[in-house]
Structure formats: C-alpha cells, structure tokens
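Order of the sequence lines fixes the chain letters, A, B, ..., with proteins taken first and strands second; residue numbering starts at 1 for each chain.
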Protein chains: 2
Amino acid sequence: MSSTSEGTVPPVKPRGKTRGTGRPTIRDVSQLAGVSRMTVSRVISDPDLVLPATREKVLKAVADLGYVPDRVAGSLSSRRTGFVALMLPTLTNANFAAVAQGLTEQLREADYQLLIAYTEYNQAEEERQLNKLLARRPEAIVMTGASHTRNAARMLMQCDVPVIEIADLPSQPIDHSIGFSNYEVGRTAARHLIERGFTRIGAVGGSQEAAVRDHRGEERMRGFEDELRFSGLATDLVLRHGSPPLSYDHGAAAIAILLKRDPGIQAVFAVSDLSAVGVLMECQRRHVPVPDKLSVMGFGNFEIGGEVNPPLTTVNVNFRALGQRTGALILELLGRDGDTPPHIEDIGLSIIERASVGRVK
Amino acid sequence: MSSTSEGTVPPVKPRGKTRGTGRPTIRDVSQLAGVSRMTVSRVISDPDLVLPATREKVLKAVADLGYVPDRVAGSLSSRRTGFVALMLPTLTNANFAAVAQGLTEQLREADYQLLIAYTEYNQAEEERQLNKLLARRPEAIVMTGASHTRNAARMLMQCDVPVIEIADLPSQPIDHSIGFSNYEVGRTAARHLIERGFTRIGAVGGSQEAAVRDHRGEERMRGFEDELRFSGLATDLVLRHGSPPLSYDHGAAAIAILLKRDPGIQAVFAVSDLSAVGVLMECQRRHVPVPDKLSVMGFGNFEIGGEVNPPLTTVNVNFRALGQRTGALILELLGRDGDTPPHIEDIGLSIIERASVGRVK
DNA sequence: GTGAAAGCGCTAACAT
DNA sequence: ATGTTAGCGCTTTCAC
C-alpha cells in the first residue's frame, strides 16, 4: 500500500482542468498499435472480428494508454445509448429499490445501464425529470405508476422507444405494462379480515388533501373501503391522514386516532407495512394486545414486518421479480425489430399470513 | 380522458422502430422557425442571447414539433455531459439511498444528473462498474468507501475529473473526501457503554471470512474491540458472524449465540441499527428485558430504531447531509477553473441516547 | 443578435 | 480481416 523506501513518491492525481493533455482517444490507440481506428473499434465491441495477433497489439495499446472508450461519442454514432430510464417516486423505499435491483440484474448482462430519476411523489417533478431523461436518448423507459401529467403522457406517447408502466396496472396503458392492481390489494385485504369474522374494521392511509399524494396507496384504500361497503360493513373507521411517504410514525399516530374514535375496533389495515409496524409499536406501548384485542395487516411485505412481535400479516407483491420481469421484457423488446404488440402482465399478489391477525371466536 | 363521440380515435403510440420518421432534430426546428441552428441552440441553452421575437418563433417550433434536445450530441460537442457518477454498495440501504437523495437535491438546480452504479459490496464488481461509468464521461465521481481494487484506484487517479470518496475517511485519499471514521464509531460506542459501568460487553458484526465483506462495518468492529482492549476488558463477546448486507435476522441470530456464550452479558453493540433491532426483537421473544438485563446499541440512526420498544440508542451520522455536502463540493469544484487542493472533511458523529441502554447501578 | 464552418469521438456502410 | 469515407446532432468559434 505505502510507497517503497527507494524514494518513490506516491502517485499524485493530476488536478484541475488539464486541457491539452486530455484523455486518449481511439485515434491515439490506433496510432500506437499501427492499425486503423475501425480495427480498434472492432476490438472493443466485437473482438472476434479481428485477427488474434492484431487484437493483442490493440489490447496492449489500450492498456498502455489507459484508454477508456467514449460512449458519448459511440452512442451518437451508433444511435444506441445503452441507457434504460427508470422513473421512481423515491429511492428511500425498499420496494422501489428492489425494483431497481431486479431491473439491473437483468440488464447488466446485456450491457444496458439504468438511468434513475425520482419524483418524490410529485407529478410536476415527474414531468421535469422525464424531459431530462428523454434528452439522454434512453432505449426504453420504465415508469413507476400510471398517473402522469398531460404533458408527460404526451411525451411518452410520442417518443419512439418502448414505455413500460410498472407497479400499477393502468386503465389506459401508454404501451406495455407489468404490475398489479392496488385496488385489488385493498379488496383482498378487506376480504381476508371479513372472512375472519371481524365487523369493526378500520384502515389507515394518506390524506387526499395533502400536497404530496400517493395514487397507488389511495387505490388500495379505495379497494378496501369498497369491499367493506359491498359486505355491508361500516366505513367510518377508514382513516385518511397525513401525507406520503407514510412511515412508522404515520401508523402510530393513526391508530391512536382510531382507538379513540372506537375503542372496540377489531382489525385494521395499513396501506404500507411501515405504517402497520407503527400501529404494532403503538399497540405495544398502549398495552393493546395484538392480535387478541386488535388484528393488524399491512402491505408490501417489508423485511421488518417479519421481524416484529407478533410478525405482521401482509399483502405481498414481489417487487424484485417485478423488476426482473421488466428487465426481461425490455431485452426482448430491444432484441426484436419492428412491431411488438403491447405486453400487459399482472404479476398478482398473495397474502402472507403471520400472527398479527387473529379471528373472532 | 376518453375520446369524444365525434369519431376521434384515441391516440396510439407508434410502435417498433419507425426509422425514417425519427425524432425532430435541431435542424427541423431551425427550418420550421426560419432561423439558423445556432439560434435554436441559443434559445435552448441561454435564451437571453436571442431577441424576444426570434425566441418566441423558435419556442413555438419547439413546441409544435415536440422537440427534445439531444444531450448525447450536445455532450460530445460541448465536452460537458452533466453527469455525476455515484458508486454505492447497494441501493437497498436507507442510509446510502439518503446519500443519493442529498446529492440529487444539490445537483438538480445546476442541471447535473446522477449516474448511479452499485456493487453489492463486491470490489471486482466495483471495478467493472467504474469502467462503465467512466465511459459515460462524468464530470465528477463519487465513490462510497475508500477500499478499491488496484486497477480501480489507478483508473480513479488517472481520470481527469474530481473524485470524492465519501462515508469513510480514507488513509490515502485519491483526491477529495467527505466522511467520518468508522473506527471512531466503534470506539465511541464502546466508550459509551464502558462509561455506564458495563464490563461484560459484546458486539455483533459480519464475518471476515465471508465472500462479501463490508469494510466499513469491519472498521467499526475493530474500533469497538480496540477500545474494549484499551480499557482492559475482555473481547470474547465480540462476535463476527454472517455476511453482509447485515439485517434484522443477523442480530437475532447473533444475540442468541452471545446469550448462550455468556448469559451474563450486559451490553451489546451491533454494527448496524438493523442488526440491533433484530437483537431487540429476539430479546422480546426470549423475555430478556432491555435495558434492565441487556443494553443494546446500534449504528446508523435508521428510522425503525426510533420506533421500536424500547427505542434504540445509536451512533448517528447524517448521511443526507453527507450527500448534500458532497453535492455542494462538486458544484464548487466544477465552478472553479484549474487547480483545487484536495478537500478532506470529517462530518463527525454523535450518539443519540434512547432507552435501550441502561447503566450499572 | 445572428449565421457559417468546423469538428467533438466514434461507428455504419461500403470497399478492398 | 482491415481500411476508407461519411456523418451522427449538437456546440465552439469566429465572422458579420
């Protein structure tokens, strides 16, 4: 690690804008190796096209110069950037991060690179970010969510690359879509609680009056409330409170409100596991036994839900697999020439039953 | 949303590779507006350089055509890509996501865009990703961590853009650095527990034999162990177990081992809050009262740590601020011409005292 | 305030 | 298997 005692000085990074030296270009490599620039280009992109002997000469020149190909120039010339754009509401949510992870896993092999933008759940910001993404000429665009500004939707329609809307099955897909129905998540959760005999059932989600809104979460709440209504149950314990991103403290505050509104509440669904864990923690503090007194259910199958006491029953969607499927679809789409009909896929959902939900005896 | 009854068909996204139509270029705009391409370029990049009347004409043509400037071409020509590269171990860690968030907040205004790569705590992967990042000609490079392969270090030395190593103060910084000492985190945590009178103190971290290693976490363990030793305490309860990324289940499994090794253990430090929360949950299940029987301390000030019962004492580093400071430094560096001396900054750390740590009476 | 010419570093297409 | 030519869409530079 440290320099030898021979008086060798540790290497020092050249600093500032040393224009004039600049980085080596493909031309420098070609001159050093005594071949044409095209040969160098071939060695980089498809080595088999070149005689082993020539290849070695070139590779040596590349190594000696520390040449790193310029994909900016390459992209312009070949009209292939190798970028896939990904629009996310936020990075600080394990499930969205898992989507990015899954996508990357698929795309890495094929040498595509993710260009991530995030909106903080703000549609105007989404439009602004989309513009910047489009300027980078991605070869495919992945949008999380199906709700866009008028302008953003137009831009997505007009751009000549595949668009994939994920994590929400849009009623009017722009192009391709892989996801699940958040509305069904809500209904499924409600059905699960109703089947277990509960009649005083509540839910906690975000306020629809908040400046920041989570359309997916609102859909889950709507599905939940509808299912209660269809089953002839009251919906007065469906609470919309606070603004996204909803986390632990949201659940803690919300359950306090509901317990006050009706101390006899039997079960509650939270739009997110994080919020549900908040409910659980608040119940611990108030010595409200879960599930004996109150059953709690969440959404998203976040890791923490499986670790708390009691572990949390949750509606599960495999977000990592969602990212992987999306990546696979992109590879397929970009492999094909010409026309491909829209691919619409529901990856479904499941309930993970754990101990936080009981049953009426 | 739906089409009118006038027989208007809903717009349909043109699919496949409709080469021939293609996107509008600056030339299309210039022709439609009846000006030169340079004038269009000026309207895009610095509108004040152009007469209001001309500007309006151009803007109208831009809107009519749905023109989106091509930054690939722009980057090649101007030799400014507007990219800042960010290398992260993983996206699925709230603190690293917070770094990205903080960075973005700063860079957004100045129209820089993050290019994120992640390594899954794997140095060979880091080198591969670094190559791909460099090919995109970022104007600055942010590396998380200070431990690189020989090749990666060389590439970072040779590239002619600022390099900032963050989240770990390197002993041999390549260029700039903003971070904190993970070793000091460990020592600080140990001191905190020792000051409270504990003598049978343990720690849980990752195995150094694992294929995947977290050098930052290992530093924290080293600092912790050293401090115990300096204070004349035994280190037989310092447990290195499992491979990163360490999460809840790691803590749960590790504390089980330590409780077996010495049921009299009084306090434990976990390299990460997630692991510490796992310890807490396992203690709940085993009815080991925290902090009365066992004190627990973590690192990272993850949100969940403040929500569990009892809330977790932790060593806090403001990662979001770290990202912001890094963004500010980059803006400063890129604003300057020529030479800038290395900027080395310790953002420090603090202890957040909560109820999970008690005191010997 | 606006335009014309040249060229960024690479690759597609064709030629040998 | 390798080389030559032309040009990707923009911005720099300099002229008017």
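Toward the 5' end of DNA chain C, the nearer of the two residues B:Ser77 and A:Val68, judged by each one's closest nucleotide, is B:Ser77.
Rounded to an integer number of Å, the gap from B:Asp28 CG to D:dC8 P is 12 Å. Atom CZ in B:Arg27 sits roughly 14 Å away from atom P in D:dT11 (whole-Å rounding). Rounded to a whole Å, the CZ atom of B:Arg55 is 10 Å from the P atom of C:dT2. Protein atom CZ of A:Arg137 is 12 Å distant from nucleotide atom C1' of D:dC8, rounded to whole Å. Going from atom CG of B:Asp70 over to atom P of D:dG9 covers 7 Å, rounded to whole Å. Nucleotide C:dT11 holds its C1' atom 10 Å from the CG atom of A:Leu76, rounded to whole Å. For the pair B:Arg79 CZ and D:dG9 C1', the computed distance is 16 Å after rounding to whole Å. Going from atom CD1 of B:Ile26 over to atom C1' of C:dG3 covers 13 Å, rounded to whole Å.
Evaluation of the salt bridge (Lys or Arg N to Asp or Glu O under 4.0 Å) test over residues 126-148 of chain A, restricted to residues two or more places apart or in two chains, returns A:Arg80-A:Glu139, A:Glu125-A:Arg128, A:Lys132-B:Asp111, A:Arg137-B:Asp70.
The closest side-chain heavy-atom distance from A:Asp28 to A:Tyr67 is not below 4.5 Å. Between A:Leu130 and A:Met143 the shortest side-chain heavy-atom distance falls below 4.5 Å.
In the model, A:Glu165 has a side-chain atom that pairs as donor or acceptor with a side-chain atom of A:His148 under 3.5 Å. A donor-acceptor contact closer than 3.5 angstrom links the side chains of A:Gln123 and A:Ser147.
For the ring-ring contact (aromatic ring centres under 6.0 Å, His included) test, residues two or more places apart in sequence or in another chain that qualify with B:Phe83 are A:Phe83.
Of the residues in residues 30-53 of chain B, those placing a heavy atom less than 4.0 Å from an atom of DNA chain C are B:Val35, B:Ser36, B:Met38, B:Thr39, B:Arg42, B:Leu49, B:Val50, B:Leu51, in numerical order.
Within the 3.5 Å criterion, the main-chain N or O of A:Ala73 finds no donor-acceptor partner in the side chain of A:Ser77.
Residue B:Thr54 has a polar side-chain atom (N or O) positioned under 4.0 Å from OP1 or OP2 of C:dT2. At the phosphate of C:dG9, neither OP1 nor OP2 sits under 4.0 Å from any side-chain N or O atom of A:Tyr67. Listed pair A:Arg80 / C:dT11 fails the phosphate criterion, with no side-chain N or O lying under 4.0 Å from OP1 or OP2.
Closest contact between the side chain of A:Ser78 and the listed nucleotides D:dG9, C:dA12, C:dC10 involves C:dA12.
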